[in-house]
Amino acid sequence: ENITALREAGLLSLLRPKRFGGLQTDIRTSLEIQAELARGCGSTSWVAGLGNVTAFFVAMFSDQTQHDVWGDNPDSWICAVYAGKDTHVETLDNGW
């Protein structure tokens, strides 16, 4: 329900480029909205913030990458994963 409400309110498109249907606001505006969301639900704010900042990262990639992510579906949602310096990767028979 929360994701649907965020999407319908446009709050998952804050940092997506306008050419892909986003609002293309700045980081400060996105953080201020996230702070307001947190007044009602910290978890909802956290999810919205992650979705928006990941869109911001994708918006810094090439035009082709942006088109690959949003071209067919401007409502696509991306999740970034950060691996800290202590992350260990191990090669296995079926992958990593």
query: What distance separates Leu6 CG from Ser45 OG, expressed to the nearest 0.5 Å?
result: 9.0 Å

Worked check of side chain to side chain contact (heavy atoms under 4.5 Å, CB included) between Val53 and Gln34: CA-CA 11 Å; Val53 79; Gln34 190 175 340; over 6 Å; no

task: Check the hydrophobic clustering (I, L, V, M, F, W, Y; side-chain heavy atoms under 4.5 Å; chains of links allowed) and say if Leu31 and Phe56 are grouped together.
output: yes

query: Looking at CG of Leu15 and CZ of Phe57, how far apart are the two atoms once the value is rounded to the nearest 0.5 Å?
result: 10.0 Å

query: With a 4.5 Å limit on heavy-atom distance, are the side chains of Trp70 and Pro17 in contact?
result: yes

statement: Note: Gln66 and Phe61 closest approach over all heavy atoms is NE2-O, 2.9 Å

field: Distance in Å, Ile3 CD1 paired with Thr44 OG1, rounded so as to fall on 0.5 Å steps
entry: 7.0 Å

query: Does a side-chain heavy-atom distance below 4.5 Å link Asp75 with Arg16?
result: yes

field: Within-4.5 Å side-chain heavy-atom neighbours: Val47 and Asn2
entry: no

- prompt: So, for Leu12 and Ala48, which heavy atoms are closest and what is the spacing to 0.1 Å?
  reply: CD2-CA, 4.0 Å

query: Under 4.5 Å between any side-chain heavy atoms of Asn52 and Thr25, yes or no?
result: no

message: Let me confirm one number: the CG-CG distance from Leu11 to Leu37, rounded to the nearest 0.5 Å.
response: 5.5 Å

- prompt: Do Val69 and Phe20 come close enough that some side-chain heavy atom pair is under 4.5 Å?
  reply: no

- request: May I ask you to check whether over 12 heavy atoms, not counting those of Asn73, lie within 6.0 Å of atom CG?
  value: yes

field: Pair Thr65-Asp68, side-chain donor/acceptor within less than 3.5 Å
entry: no

task: Answer whether the closest heavy-atom distance between the side chains of Thr29 and Leu23 falls below 4.5 Å.
output: no

